[in-house]
Amino acid sequence: MNVFRGILLLCLLKGIAVLAFAQTTESFDFNFLRQQDNLYFLKGKENKNLYEKWKFLSLGEKSAVSWGGSLRSQYEHFINEDFDNVQDKYQGWYLQRMLFHTDWRIDKWQFFAELNNSLISGKPILTPVDKDELSFNQLFLAYHGENMTFKLGRENLNIGSRRLIDLREGPNVRRSFDHVGMTFHRNNYQLHLLYGIPVNIKEGIFDNEALHDDEALWGAYMSHKFASNYNFDIYYLGFKADNKQYETGVGRERRHSLGVRFWGEKDNWQMDNEFVFQLGGFMDQSINAWTISFKIENHYTPHQHFGLKTELISGDKNPNDSKLGTFNPLYPRGAYFGRVARFGPSNLIDIHPYWVKSFGDLSIMLDYVAFWRFSKDDAIYGPAVTYDFPDESETRWMAHQIGALLTYEPSSFLTLELETNHIVPGSFLRETMGDDNLFHLVITVDIRF
C-alpha cells in the first residue's frame, strides 16, 4: 500500500506541475497520432512565449519544423486477475511511457520520427505490450499532393472505426507497422490502400524485429460522405500469419475480411453500425466467420449522454470439421472492453450500455457489459487474439462487468484518469478458471507537450 501511495503522489505532482505550466500557454489541439497535429496557427503569432518558440520553427512560407511528445504514468492493480484468489489475489505494477517526436514539413514533403521508451516495474510476467526500452515507434516519409498522400516507413495505424486496425493506446507499447500506403481523396470520397508488416516488440534497445515474413496486412478502405451527416464505408483487408492459435490448433492462416460500415448523426442521435465477413484458410480448414456490431448514442443535454453497444462475433461450431468459424479481429484495441482487458472480440456476444456526464473539465462514465460465448464449442480469446480461456465447459454465460471511468482534463496538455472494473464470473469462468470476482484499478497521468 505504501508503494501505491508513493506512485499516486508522484503522478499527482507531475500533473500539478504541468497544469501550472499549461494554464499560461495557449490551448493546443494534440492528437493520438501526433503527425496529425496542426501547429501553423503559431506561424503568424506575435509575442510567443518560450514554449511556443521552441515548439514551432518556421523555415519559410511552406516549411517548418516542430517538436513534441508525451509522458504517460500509470499504476495498475488487480485482485484475482484469473478469478482465483489462491494464486493471484493481489498484484500491482507501475508503467511509464515516454514518446518524443520531431516533424519536418518542407513544401509537400513530411518527415516524421518518434522515439518510444516504455518501462514497467513490479509485474512478475511480462507480455510484448509491457516493455520496450528504446525504439522508433514511428519513422516515415510522406508526400502530400493535392488529391493524394503517399507514405513509406513505420507508423501507428488507425483505420475506420478502429475495430480491426488500431494503434493500441491502452497498453504500454503502441502497435507499429512498417508499411507503404496511399490515400486518394476527391469530393466526398476517400480511398486508402496499404501493405504493412507489424513490428515484433522486444524488450531491449533498438532490437525490435522488422520486415519479417511470418505476418502481414494489406487492403483497401473506401469512405463516402453523403447527406452532410452520414458516412458509408466499404473495405477489404487481407491478413497472413504462420503461427496462429485457435481451439483447433496452431498453424498457417490466410484470411480475407470484407466489411461495410454505416455511421453518422442526426439531431442529438449518433450511430455506428458495421458488418464484417471473413473467408480464407487455416491449416486444412476453410474460414467462414463474421461479426455485426450496433452502436447508438443520444446526447440529450450538452453535458450528458447515454449509449448502447452490442456485438455478435462468431466462434467455431465444431473443432473437428473442415471449417473454422472463429472471427479474427486482426489488430484491435488492446483495451477493447476497458483497461481491464480480459476478453477480446472473438466468439462473443456482448451487450454494453453506458452513461457519460461532464462537469466542466471533469467527466464520469459508468458502464455495464454482459458477456456470452457465441459458440459453446470454442474457446474465449484475449484482446490480442490469444488463446486465454480453453473450451472446457458446455455453458455460454461468461460474466458481468461493471466499470467506472473518472476523467479530469483541465487543458490539452494534461489528462488524469481513474478507471475501475469489477467482473463477476458466470458459469463458463467458474467451471474453467475460478469463482472469485475480479477487481481492476488503473490510475493514469498523461502529459502532452
Side-chain angles (χ1 to χ4, degrees), residues 1 4-5 7-12 14-15 19 32 72-83 85 88-95 162 166 168-172 270 272 293 295-311 332-345 348 350-372 382-383 398-410 414-426 429 436-447:
M1 201 62 181
F4 167 70
R5 290 173 179 170
I7 292 171
L8 177 58
L9 178 60
L10 175 63
C11 292
L12 290 176
K14 288 181 179 179
L19 178 58
F32 276 133
R72 190 182 76 171
S73 299
Q74 287 187 331
Y75 176 76
E76 189 169 13
H77 187 80
F78 272 100
I79 300 177
N80 306 333
E81 185 178 7
D82 289 322
F83 307 98
N85 66 12
D88 57 4
K89 189 171 184 180
Y90 298 102
Q91 295 187 80
W93 45 82
Y94 175 70
L95 307 98
R162 299 166 53 190
D166 184 73
R168 193 175 58 194
E169 174 61 15
N172 210 28
Q270 295 180 353
D272 195 341
S293 67
K295 176 183 176 181
I296 187 167
E297 195 170 273
N298 178 255
H299 293 249
Y300 55 95
T301 74
H303 306 291
Q304 191 168 200
H305 67 271
F306 69 89
L308 175 67
K309 296 183 283 187
T310 184
E311 296 172 302
R333 297 190 294 274
Y336 202 88
F337 299 104
R339 280 287 286 120
V340 62
R342 295 306 287 132
F343 313 123
L348 207 63
D350 67 86
I351 297 177
H352 186 180
Y354 58 94
W355 171 80
V356 181
K357 171 74 172 177
S358 61
F359 307 88
D361 297 330
L362 183 70
S363 68
I364 182 171
M365 183 182 78
L366 303 177
D367 70 338
Y368 165 78
V369 193
F371 298 101
W372 296 264
M398 291 172 51
H400 303 276
Q401 179 176 309
I402 303 167
L405 173 63
L406 186 67
T407 303
Y408 179 59
E409 191 167 7
L414 174 66
T415 302
L416 294 90
E417 289 185 343
L418 170 64
E419 181 177 348
T420 64
N421 283 283
H422 185 90
I423 300 179
V424 181
L429 290 175
D436 292 289
N437 293 357
L438 179 153
F439 178 77
H440 176 254
L441 175 145
V442 60
I443 298 171
T444 304
V445 175
D446 194 358
I447 299 168

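Treat the numbers as computed from the prediction; the structure is a model and nothing was measured.
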**Study point:** By side-chain hydrogen bond (donor to acceptor under 3.5 Å, both in side chains) - contacts of R333 (at least two apart)
**Key:** none
Nearest heavy-atom pair of [X] and [Y]: which atoms, and what distance?
X    : Y    : answer
E419 : N421 : OE2-ND2, 3.0 Å
P353 : L308 : N-CD1, 3.8 Å
W93  : E81  : CH2-OE1, 4.0 Å
D367 : A404 : OD1-N, 4.2 Å
A399 : L429 : CB-CD1, 4.0 Å
P332 : D166 : C-CB, 4.0 Å

Is there a donor-acceptor pair closer than 3.5 Å between any side-chain N or O of [X] and the backbone N or O of [Y]?
X    : Y    : value
T444 : L416 : no
Q401 : G338 : no
S358 : H303 : yes

Practice item. Check the pair R339, E76 against salt bridge (Lys or Arg N to Asp or Glu O under 4.0 Å), reporting the backbone distance first and the verdict last. Key: CA-CA 9 Å; R339 280 287 286 120; E76 189 169 13; 3.6 Å; yes
Review point. For the residue pair H305 and H299, does the interplanar ring angle fall in the parallel (under 30°), tilted (30 to 60°) or perpendicular (over 60°) class?
Key: parallel
Exercise for review: Over 60° means perpendicular and under 30° means parallel, so classify the ring planes of F343 and F83, tilted if in between.
Suggested key: parallel
Review point. Charged N to carboxylate O under 4.0 angstrom, R72 versus E417?
Key: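 E417 and R72: not salt-bridged.
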Spacing of [X] atom [atom1] and [Y] atom [atom2] [to the nearest 0.5 Å]:
X    : Y    : atom1 : atom2 : value
D436 : D82  : CG    : CG    : 11.5 Å
K357 : Q304 : NZ    : CD    : 4.5 Å
F371 : I351 : CZ    : CD1   : 11.0 Å
L438 : I423 : CG    : CD1   : 5.0 Å

Review point. Under the side-chain contact (heavy atoms from CB on, under 4.5 Å) criterion, do I364 and W355 qualify, and how do the steps go?
Key: CA-CA 8 Å; I364 182 171; W355 171 80; 4.2 Å; yes
Exercise for review: Test L414 against Y408 for side-chain contact (heavy atoms from CB on, under 4.5 Å), laying out the working first.
Suggested key: CA-CA 8 Å; L414 174 66; Y408 179 59; 5.5 Å; no
Review point. Can you find a side-chain donor-acceptor pair between Y354 and H352 that sits under 3.5 Å?
Key: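 No pair is found: no donor N or O on one side chain lies under 3.5 Å from an acceptor on the other.
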Check your understanding: Taking atom types as modelled and ignoring hydrogens, do the side chains of Q270 and D272 form a donor-acceptor contact shorter than 3.5 angstrom?
Key -> no
Practice item. Step by step, work out the side-chain contact (heavy atoms from CB on, under 4.5 Å) result for K89 and N80. Key: CA-CA 4 Å; K89 189 171 184 180; N80 306 333; 3.8 Å; yes
**Study point:** E311 side chain near Y336 side chain, heavy-atom distance below 4.5 Å
**Key:**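 A side-chain contact under 4.5 Å exists here.
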Review point. Just wondering, more than 12 heavy atoms not from F32 lying within 6.0 Å of its CZ?
Key: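 For F32, atom CZ is not crowded (no more than 12 foreign heavy atoms under 6.0 Å).
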Review point. Between F337 and L348, is a side-chain contact (heavy atoms from CB on, under 4.5 Å) present by the stated rule, with each step listed?
Key: CA-CA 12 Å; F337 299 104; L348 207 63; 3.6 Å; yes
